[in-house]
Colleague: 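Below is the structure I would like to discuss, written out as structure tokens.
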There are 2 protein chains.
Amino acid sequence: MTDTEASSTKAGSRNAGIREVARQAGVSIATVSRVFNNAEVVNSETRERIVALASSLGYEPSALGRNLVRGRSYLIGLIVPNVSFPLYGAMIHGIEDVLGRHGMSVLLASSHDAAATEVRAAQNILRHAVDGGIVINSIVGDALPTQRQLGWVHVTPEPAGLPCRVELDNEEGGRLAALELLRTGRQHFAYVGAKGRESADRERGFALTLRKMGFDYRRFEGDYSEESGMRASAELLAGPLDGVFAAGDLMAAGVLRALHARGIKIPDQVAVVGFDDAAIAPLLYPRLTSIRQPAYAMGASAAELSLNLMSGRHNAPIIFPPELVARESTGPPQASF
Amino acid sequence: MTDTEASSTKAGSRNAGIREVARQAGVSIATVSRVFNNAEVVNSETRERIVALASSLGYEPSALGRNLVRGRSYLIGLIVPNVSFPLYGAMIHGIEDVLGRHGMSVLLASSHDAAATEVRAAQNILRHAVDGGIVINSIVGDALPTQRQLGWVHVTPEPAGLPCRVELDNEEGGRLAALELLRTGRQHFAYVGAKGRESADRERGFALTLRKMGFDYRRFEGDYSEESGMRASAELLAGPLDGVFAAGDLMAAGVLRALHARGIKIPDQVAVVGFDDAAIAPLLYPRLTSIRQPAYAMGASAAELSLNLMSGRHNAPIIFPPELVARESTGPPQASF
DNA sequence: TTGTAGGCGTTATCAT
DNA sequence: ATGATAACGCCTACAA
């Protein structure tokens with residue numbers, strides 16, 4: 001393998017490097033480099049000549065070489081529990097937009113809600129010498145492997161100890177749900193929750209708001225699945241019920257289905273509020289009122305936090321307010337032709 | 001900034017490099033390198049000493065340096081129209097699994113169904129010297145920018161000319177839908193489609209199968225949105241109707257909703273079949289029968305194709321068969337308690 | 001089994 | 001405005 005020969009003569013097998021361009025242009029490699037970095041500083045005539053030559057030779061600076069000398073990869077690692085979940089999709093969108101604006105790209109890995117997989121994803125990401133990292137709903141939290149001075153930005157409500165964090169004001173979400181049910185004149189409430197701090201926070205906001213108005217509520221602990229929502233309905237219907245707040249849209253879907261199966265009219269007899277405002281919410285029957293997480297904005301903020309972290313700056317956790325999206329399940333059906 | 005001093009003495013600010021490890025271990029950097037590559041070939045005693053030292057120094061080989069000398073980035077670029085779409089999520093999952101098994105990672109970028117964004121995403125990906133690339137439902141097709149001998153693997157039904165491709169047998173999907181409607185004794189059919197080759201293929205399979213049994217059908221052209229599905233129902237109900245095949249689950253959702261609004265019983269009076277078997281299908285009311293794309297397997301195949309392409313091997317396009325997932329919208333409701 | 005040394009493709013400093 | 005040249009961190013013949 002006469003490697004030197006091949007690389008200098010036979011164009012195509014390996015693209016022309018900076019040396020070859022410099023040689024053919026009759027300048028030093030430094031000048032070529034400058035053309036692609038500080039274009040202004042080089043004589044406009046030689047610059048154009050080099051640009052033309054480079055493009056005819058199919059040359060462009062190698063990211064590999066550039067990364068090495070700059071000590072950066074321009075990559076941000078991103079760990080997501082599950083790419084399919086629409087809420088995460090919106091977050092990723094926000095992350096991509098901000099990062100792209102700063103010339104950085106997203107290295108993706110999924111944790112599939114398993115601690116071992118999450119750690120493996122982190123190691124995998126670290127192997128690529130990323131400049132930063134973002135984890136959505138981390139399971140292992142600050143036990144995530146790291147390297148150099150890389151800091152992970154967390155998008156999660158827990159644990160509270162994590163320094164660099166973006167989270168949703170879940171308690172406020174619970175409050176909004178309660179207000180919506182109160183607004184539509186309900187009196188017999190129920191909360192369909194799940195384990196974990198997210199649900200607990202949502203319930204607290206819900207409970208506080210109801211109590212302030214002199215109401216109590218019953219509760220059911222599910223697991224965010226549609227099926228657990230159906231179980232919840234079955235159990236809660238043993239008593240008086242006209243207002244349900246479910247901690248997730250999937251559970252709310254189950255509630256709707258079970259009420260439906262019993263011929264109960266929504267929202268006339270029972271109103272239902274979900275959480276997340278996932279893509280399914282407006283497709284359910286009836287269309288589901290839900291508490292929306294500003295997922296895009298949260299992703300964008302996480303990206304900015306990560307960018308700041310790279311530059312040594314450190315920011316306080318950012319807490320986002322949720323927003324009520326009122327649909328048919330708590331009010332009169334929208335006009336449908 | 002006495003950079004050289006800092007890097008050689010003050011551990012921490014910049015992690016130890018291979019030189020430092022070699023120096024402290026009293027060996028050459030070549031030996032240290034071998035420990036992390038051809039571990040077997042180095043004396044087990046020195047190896048353990050080096051491993052211990054490296055870990056105490058927090059040393060691990062720099063991906064930057066390694067990539068440069070090997071001329072590879074171990075990155076595969078992935079362009080997705082929209083991360084949120086659950087079908088794509090499953091594909092990404094398949095891609096990640098296969099790639100991870102080969103020590104490669106996913107560099108993600110979204111096209112948001114816009115040609116300009118897709119091209120920009122490709123350029124962005126190319127800047128990172130990826131070893132390969134995969135595009136899901138590309139808009140610009142073979143006009144995607146490329147470099148070196150990098151070849152994009154397409155997951156898409158069109159254009160047919162693309163050499164490296166994974167696609168679904170849409171015609172077979174249409175056939176399955178027709179068979180299911182025939183099986184449940186329907187006689188007055190309708191197809192709710194959209195523009196593009198995917199829909200055309202699905203319709204062909206649907207039409208051929210019906211005609212073979214002596215049936216005809218009416219058609220409506222929507223745009224994959226729920227709203228267009230509702231319009232379809234409104235129009236189609238002008239004539240006799242008891243079996244609808246919609247080219248997408250969202251349109252099917254619209255069909256269901258419109259039928260519902262008119263008090264039409266599903267599946268008793270009208271049966272509905274969707275396409276994709278997206279996450280929403282089992283959540284609709286009633287649960288939607290749909291034609292499933294083997295998204296995970298398709299993603300996995302795309303990844304394998306890309307891996308092969310890197311090694312110079314070239315494969316023929318792979319065509320996947322869809323699968324019927326029967327639910328309530330075409331048959332008796334499942335037992336619900 | 002281990003060391004030597006060249007090179008991967010670029011950037012950036014210091015002269016000129 | 002341009003050229004030499006020293007890194008960047010690592011891998012890998014080749015030699016010992």
Side-chain angles (χ1 to χ4, degrees), chain A residues 1-8 13-23 25-50 54 57-74 127-129 131 147-148, chain B residues 1-8 13-23 25-50 54 57-74 127-129 131 147-148:
Chain A
M1 302 169 193
T2 52
D3 206 30
T4 43
E5 278 183 31
S7 72
S8 62
S13 83
R14 165 171 263 149
N15 271 8
I18 195 171
R19 286 191 244 286
E20 183 62 14
V21 177
R23 195 181 63 74
V27 298
S28 75
I29 59 171
T31 302
V32 177
S33 174
R34 275 189 281 260
V35 168
F36 287 91
N37 295 284
N38 305 314
E40 328 75 65
V41 85
V42 53
N43 180 293
S44 64
E45 188 184 321
T46 40
R47 174 179 1 131
E48 285 170 24
R49 187 160 42 93
I50 292 177
L57 251 46
Y59 166 80
E60 41 191 329
S62 150
L64 265 18
R66 186 197 305 247
N67 289 352
L68 175 62
V69 69
R70 294 223 256 238
R72 292 185 50 187
S73 64
Y74 300 91
R127 284 186 33 244
H128 285 272
D131 298 337
Q147 72 185 181
R148 323 207 171 187
Chain B
M1 303 165 193
T2 52
D3 205 30
T4 43
E5 278 183 29
S7 73
S8 60
S13 85
R14 164 169 265 151
N15 272 8
I18 196 172
R19 288 191 245 285
E20 184 62 14
V21 178
R23 196 182 61 74
V27 299
S28 74
I29 61 172
T31 302
V32 178
S33 172
R34 276 189 279 260
V35 168
F36 287 90
N37 295 284
N38 306 313
E40 329 76 66
V41 85
V42 56
N43 180 293
S44 66
E45 188 183 320
T46 39
R47 179 188 348 143
E48 285 170 24
R49 187 160 42 93
I50 292 176
L57 250 45
Y59 166 80
E60 41 190 329
S62 151
L64 264 20
R66 188 193 301 242
N67 289 352
L68 176 61
V69 70
R70 294 223 255 239
R72 293 186 47 188
S73 64
Y74 299 91
R127 283 187 35 245
H128 286 270
D131 299 337
Q147 71 185 181
R148 317 202 177 194

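Throughout, protein chains are lettered first and strands after them, A, B, ... in sequence-line order, and every chain is numbered starting at 1.
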Colleague: Identify the heavy atoms of Asp131(B) and Ser73(B) that sit nearest to each other, and give their distance.
Modeller: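 Scanning both residues completely, I find the closest heavy atoms to be OD1-N, 3.1 Å.
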Colleague: Near DNA chain C, which residues from residues 36-45 of chain B have a heavy atom under 4.0 Å away?
Modeller: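 Within this stretch, Val41(B), Val42(B), Asn43(B) sit under 4.0 Å of the strand.
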Colleague: To the nearest 0.5 Å, tell me how far Arg23(A) CZ sits from Ile18(A) CD1.
Modeller: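 Reported value, rounded in 0.5 Å steps: 14.5 Å.
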Colleague: Quick check: closest heavy atoms across Arg70(B) and Asn37(B), and the distance to 0.1 Å?
Modeller: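 Shortest heavy-atom contact: NH1-OD1, 3.8 Å.
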Colleague: Between Arg19(A) and dC8(C), is there a contact of a side-chain N or O with OP1 or OP2 at under 4.0 Å?
Modeller: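 It does, given that an N or O in the side chain of Arg19(A) lies less than 4.0 Å from OP1 or OP2 of dC8(C).
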Colleague: Between atom CD1 in Ile18(A) and atom P in dT2(D), what is the gap in whole Å?
Modeller: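 After rounding, the gap between these two atoms is 14 Å.
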Colleague: Please round to 10 degrees the angle between the axis of the first five pairs and the axis of the last five pairs in the helix from dT1(C)-dA16(D) to dT16(C)-dA1(D).
Modeller: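 Comparing the axis at each end, I get an angle of 30°.
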Colleague: Side chains of Asn67(A) and Asn67(B), heavy atoms from C-beta outward: is any pair under 4.5 Å?
Modeller: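 No. Closest side-chain heavy atoms not under 4.5 Å.
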Colleague: Do the side-chain N or O atoms of Arg66(B) get closer than 4.0 angstrom to the phosphate oxygens (OP1, OP2) of dC11(D)?
Modeller: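 So the side-chain polar atoms of Arg66(B) do come within 4.0 Å of the phosphate oxygens OP1 or OP2 of dC11(D), strictly under.
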Colleague: Please determine whether the number of non-hydrogen atoms from other residues, nucleotides or ligands lying under 6.0 Å from atom CD of Glu40(B) exceeds 12.
Modeller: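 Result for CD/Glu40(B): enclosed.
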Colleague: More 5' along DNA chain D: Arg47(A) or Ile29(A), using each one's nearest nucleotide?
Modeller: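 First, find each residue's nearest nucleotide; the 5'-ward one identifies Arg47(A).
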Colleague: Grab the two heavy atoms, one from Ala129(B) and one from Leu64(A), that are nearest each other, plus how far apart they are.
Modeller: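 That would be CB-CD1, 3.9 Å.
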Colleague: NA contact type, Ser62(B), heavy-atom cut-off 4.0 Å: base, sugar-phosphate, or nothing?
Modeller: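 If one applies the 4.0 Å heavy-atom cut-off, Ser62(B) turns out to touch the sugar-phosphate alone, with no base involved.
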Colleague: Taking Arg49(B) for its side chain and Ala25(B) for its backbone only, find out whether a donor-acceptor pair lies under 3.5 Å.
Modeller: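 Yes.
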Colleague: With nearest nucleotides of DNA chain D determined for Ala30(B) and Leu68(B) from heavy-atom distances, which residue corresponds to the more 5′ nucleotide?
Modeller: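 The residue mapped nearer the 5' terminus is Leu68(B).
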Colleague: Using heavy-atom distances to pick each residue's nearest nucleotide on DNA chain C, tell me which of Gly65(A) and Thr31(B) is more 5'.
Modeller: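 Counting from the 5' end, the first nearest nucleotide belongs to Thr31(B).
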Colleague: Quick check on dT2(D): is either OP1 or OP2 less than 4.0 Å from any side-chain nitrogen or oxygen of Thr46(A)?
Modeller: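 So the side-chain polar atoms of Thr46(A) do come within 4.0 Å of the phosphate oxygens OP1 or OP2 of dT2(D), strictly under.
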Colleague: What integer distance in Å separates Arg23(A):CZ from dA4(D):C1'?
Modeller: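 Whole-Å distance recorded here is 19 Å.
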Colleague: For Ala54(B) versus Phe36(B), what's the shortest heavy-atom pair and its separation?
Modeller: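 Result for this residue pair: CB-CZ, 3.9 Å.
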Colleague: Please report the closest heavy-atom contact between Pro61(B) and Arg66(B), naming both atoms and the distance.
Modeller: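 Here Pro61(B) and Arg66(B) meet closest at CB-NH2, 2.9 Å.
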Colleague: Does Ser33(B) have a side-chain nitrogen or oxygen under 4.0 Å from the phosphate oxygens OP1 or OP2 of dC11(D)?
Modeller: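 So the side chain of Ser33(B) is within the cut-off, an N or O lying under 4.0 Å from OP1 or OP2 of dC11(D).
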